[in-house]
Amino acid sequence: MNIRRATIDDLFSMQNCNLSCLPENYQMKYYMYHILSWPQLLYVAEDDPGHVVGYVLSKMEEDSVNTDNPHGHITSLAVLRSQRKLGLAASLMNQAQRSMEDSFASNYVSLHVRKSNTAAIHLYRETLGFKVHDIEEKYYADDEDALDMRKILKHGVGKEKHIFKKGKPKAAEPEPEKKESNSKKKGKKEKEPAPKVEEEKKDKEVDGDKKKKKKKNKK
Amino acid sequence: MTNVREPFATHYVQLFQSIVKFYETKNFKKALKAADEILAKYPAHSDTLAMKGLVIKATGKVEEGYNLVKEGLMNSKFSSGICWHVMGLMYRDDKNHEQAIKAYMNALRYDTQNIKIMNDLACMQMHVRDYKGLLQTRHKVLQLKPGMSGHWISYAVAQHMAGDRQKALVTIDGFISIGDLSNPYELSEVLLYKNSIIQEIGNPEGTLKHLKEIENKHRDPIYVLETRAKCELQLKRNQEAKQTYQALLQLNSENHAYHAGYQQACGLSNSTTSCNDDQIQSLLNHYDELLVQYPKSAVIKRIPLNFATGQEFKNRLDKFVRTYLSKTIPSLFSAIRSLYSDPSKVEMIQELFSSYESSLIDQGQLPNADSSQKDAPSTLLWTLTFMAHHHDKLSNHEKAMQYVNRAIEHTPTLIELYQLKAKLYKHVGAYGLAADQAELARQCDLADRHLNTKSVKYLLRADRVQEARIVFYNFAKDMEGNFNAHDMQCMWYENRLGESHLRLKKYGQALKQFHNVKDHIEEMVDDQFDFHQYSLRKLVLRSYVEMLRWEDKIKSIHFYVRAAKNAIRTYLSIIKSGDSCKETNKTAQDLLDLEENKKSQKPKKKKNEEGGEEEVLPKKPQDDFGELLMNVQDPLAQAEKFVLDLIKFANDDLQGHLLAIELYLTKRDYQNAIRSIVRARELDLENAELHYWTCRFAQEYGANKNEKDQEVVDPLMVTFMNGDLNKYNQDYIERNGKRYGAKVSVAKVMHLLEQDEQRVVSLIKDCGGASLEECLRGFEFGNEIGINLGEEMRREYPLADVFRV
């Protein structure tokens, strides 16, 4: 068993592992978006011949990055059924968390998990120290509720009130054509609406292709 | 005639600007209205025509859109920068990169200082890897506006990709001096990007020096430590490397590369096969010390098993295994499987587990137990399970099956056992029974996608296609309930589905799946496009450069290689089968299944401008059974495209070269055929299938060669064959006579040469101890020459579906 940071060569394996294990899936572009934005936040676990048997795909919440409350988010976490009981999920999460602290000075990390997924909730709450922050009703494609769980990281110590304040969550998760399947999955995994990458970037990219040049009038 | 370049009245200027705004916010109707208003007054206004074309195309009327832009271009006598730019945008959207680049370059001839156009052009040039053009464009931009820091870094990346690493470093320094690097992460990424280039140049000292310089400015301690460690090892600064690796291990003790590096830094042997006793002892001491520091580390407990020998190995193995058994960790076999390359260790493993088995059965405990307390029943269960895996690995199929059945009897509720049994059935060719077991496993937990995936794989292997689809549909659907394996780029499914179709001679349906995989890969190549701008803005540049290099060889990914090989096989089968493939491609059941499957699907909708919904039309014609692909005029040419990809991106794959040989023989392209033979020989000299193809080549070439061929082929061929095909064949059987696969190939060659038929038959009947794949080859050949080897094969693989027909 080997735990290491993911490289771009691992994206196919991560996508395949995700497709094999979880009902919430993403297109390759979304994996590319992660590694091209937060390369420190992707980790894989591999077995002896070098096959990826588990991964964590995480990110920094885009809107929070340049504020006083930057925080990370676990997009997706999976470990093959045949490799359970080895503490891989916890190891992967710990590595990702530490990188969130070291590279992004993250105050806290959040994730969504199905209300019925007792095994995962146990991992997050008991083993990793997450707390339930909120319940988001009908969060999943099949209308199941999600627990919004959060864990304070070292930069967030002393800012608990700020982090755990209730109220409307910030900007609603972008929801363009969600390319996901629904399911009644109960495994230690969760999901995240998968914004089409272009949508996300349009918010930042002000130079829509033709705007500026068209303003110039041709003589 | 209105002068198309008349300055606009202000009203019309604003109208024109509004077209742009409306276009960008996708208000196409309003954009068109504004355009038409201008055109009412200035009907030949080139720029407006171009913009109108852009909008029209966006509403789906592609040809009309292009025509309008072309009209605009003509009206402007091809000298409107805006028209050319719009043209470029349209080609870009249609992924016609070459034309897009030409259009952009034309735009720049008339709009020479337009940085926006230059940026668009640069993205395209990067996309097609035109580094020379890219350098020129980025350089121009930098010259025009050196005050914008972004232009510096873009230029630096262009220099880097074009191979001018030293210059790139200088440019990066320029960027750092004028850029706004208040964002610490961005600064960190730029500095580490610079560092990565220094590394690439091959300057470990420079790398270390630079790392020291930036030690308070970077935000990636792991990367920095890893880089430092590598450089220190390179420079043989072992003391420093030791400390760096220790720091890394503190952060992650489960990383093999760290351990390997640490071992090396401590001056310990790196080989696992040729250590002397002293070296072994040092290694063992080393890891024992580490274990004190990291008592929970799985990796530190496992690594010593790689080089320990004899009793030491036995003791450590015993300890290692007992932990797994007491915690009922399912992956025990997987954890020690790599030890099976060493026969002495295999023996010790067998001894150990046999002793466990007898002790547990006789005394209810593992051997040498501390107390009289009995072990939990699970210990015996997982021991039996391990033995099943073990015997399966050694191809003792019957024993493996016995063990798994005993385990199932012991604990019928353990899902893993049914999966294991499925695997055992698969290994003896009993694909139907394997699928049944996988289904049993899946039924135990319908919410587990992993079980679902396995079941689908087994069902497809057993050619139970519709069943597989129904099972898969439990998970492979989107929010509207539409089957979404294609959307989610499920290449594992497409390959296996295609393979089933291929087995059943449904060549069109098969091709459809393999082309799906190819389409996904092409999608992923397109995906990089947005990142050409994005990454330069985000400054996460090491990743960006890695991504570009990854894209360059993306076709080497095993999904694509598998699909390519499958596609070639399919095309070759189509050629061989002639018209009959049209009959076999779809059965009556297939038509029924398609009807059934379409019932649950809803047409895709998207929001239109008025806030209502409209149907999304599929981009390609529906071709449900792949008939367009199957009936293509030039199947050989189609297959050759895949062959060229394999040669370029999977040059180490023997099967790929074997298929190339077959294709080129079919094409009578002897020059390319011999090249593949030469490469295949490098990969596996005594390979049985290669032997057959080499002989077949020799025979066909001998009969059909021409002078041009002789120039190229003869010098290569003479290195391994002197023209006496019979002798070549007999020599081969002398060298490889023990392998059944070799016998089959030799028999096939003898048959080609119309030699002693009796000997041919006796060769292929002699299949004792052969592998399943070898038996399949022999059986297939037997059928070709009218000999039914069912009886002989059933002796070896009594459960295999294919031998029971």
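Each chain gets a letter, A, B and so on, in the order the sequences are listed, and its residues count up from 1.
Note: B/Trp550 and A/Phe12 have tilted aromatic rings, judged against thresholds of 30 and 60 degrees for the angle between ring planes. Ring pair B/Phe16/B/His45 is perpendicular by interplanar angle, where above 60° counts as perpendicular and below 30° as parallel. Using cut-offs of 30° and 60° for the angle between ring planes, the B/Phe333 and B/His389 rings count as parallel. Ring planes of A/Tyr26 and A/Tyr30: tilted class, angle from 30 to 60°.
A salt bridge between A/Lys29 and B/Asp526 is absent, with no side-chain N of the basic residue lying under 4.0 Å from a carboxylate O of the acidic one. Under the 4.0 Å criterion applied to side-chain N and carboxylate O atoms, A/Arg81 and B/Asp448 are assigned as salt-bridge partners. Salt bridge present: A/Asp10 and A/Arg4 bring a charged side-chain N and a carboxylate O closer than 4.0 Å.
Contact count against chain A (heavy-atom pairs under 4.5 Å) is highest for B/Asn252 among B/Ile415, B/Ile329, B/Leu541, B/Asn252. The greatest number of non-hydrogen atom pairs below 4.5 Å with chain A, out of B/Asn452, B/Ile554, B/Val299, B/Thr328, is found for B/Thr328.
No part of A/Asn94 comes within reach of chain B, as not one of its non-hydrogen atoms sits under 4.5 angstrom from that chain. Contact of B/Ala335 with chain A is made through the backbone alone, with heavy-atom distances under 4.5 Å. Heavy atoms closer than 4.5 Å to chain B are found nowhere in A/Thr7, neither backbone nor side chain. Only the side chain of A/Tyr43 has a heavy atom closer than 4.5 Å to any heavy atom of chain B. Neither the backbone nor the side chain of A/Glu46 comes within contact range of chain B, judged by heavy atoms closer than 4.5 Å. Contact annotation for B/Lys553: only side-chain heavy atoms (C-beta onward) come within less than 4.5 Å of a heavy atom of chain A. For A/Leu36, the parts lying near chain B are the backbone and the side chain together; criterion is any non-hydrogen pair under 4.5 Å. Contact of B/Arg549 with chain A is not made at all, since no heavy-atom distance falls under 4.5 Å. When heavy atoms are compared at a cutoff of 4.5 Å, A/Asp9 approaches chain B by way of both its backbone and its side chain. A/Asn2 touches chain B through backbone and side chain together, each having a heavy atom under 4.5 Å away. For chain A, no part of B/Ser188 is nearby; none of its heavy atoms comes within less than 4.5 Å. Both the backbone and the side chain of A/Pro39 come within contact range of chain B, with heavy atoms under 4.5 Å apart. The contact between B/Glu189 and chain A is made entirely by side chain atoms (from C-beta outward), counting heavy-atom distances below 4.5 Å. Of the atoms belonging to A/Asp102, heavy atoms from both backbone and side chain fall under 4.5 Å from chain B. Using a 4.5 Å cut-off between heavy atoms, B/Ile19 does not touch chain A at all.
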Can you list the steps and then say if B/Ser331 with B/Tyr324 is a side-chain contact (heavy atoms from CB on, under 4.5 Å)?
CA-CA 8 Å; B/Ser331 55; B/Tyr324 270 74; 4.0 Å; yes

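Figure legend: B/Arg219 and A/Phe104 shown without cation-pi pairing, the cationic atom not lying both under 6.0 angstrom from the six-membered ring centre and within 45 degrees of its axis.
A donor atom on one side chain and an acceptor atom on the other are not found under 3.5 Å apart for A/Arg5 and B/Asn255.
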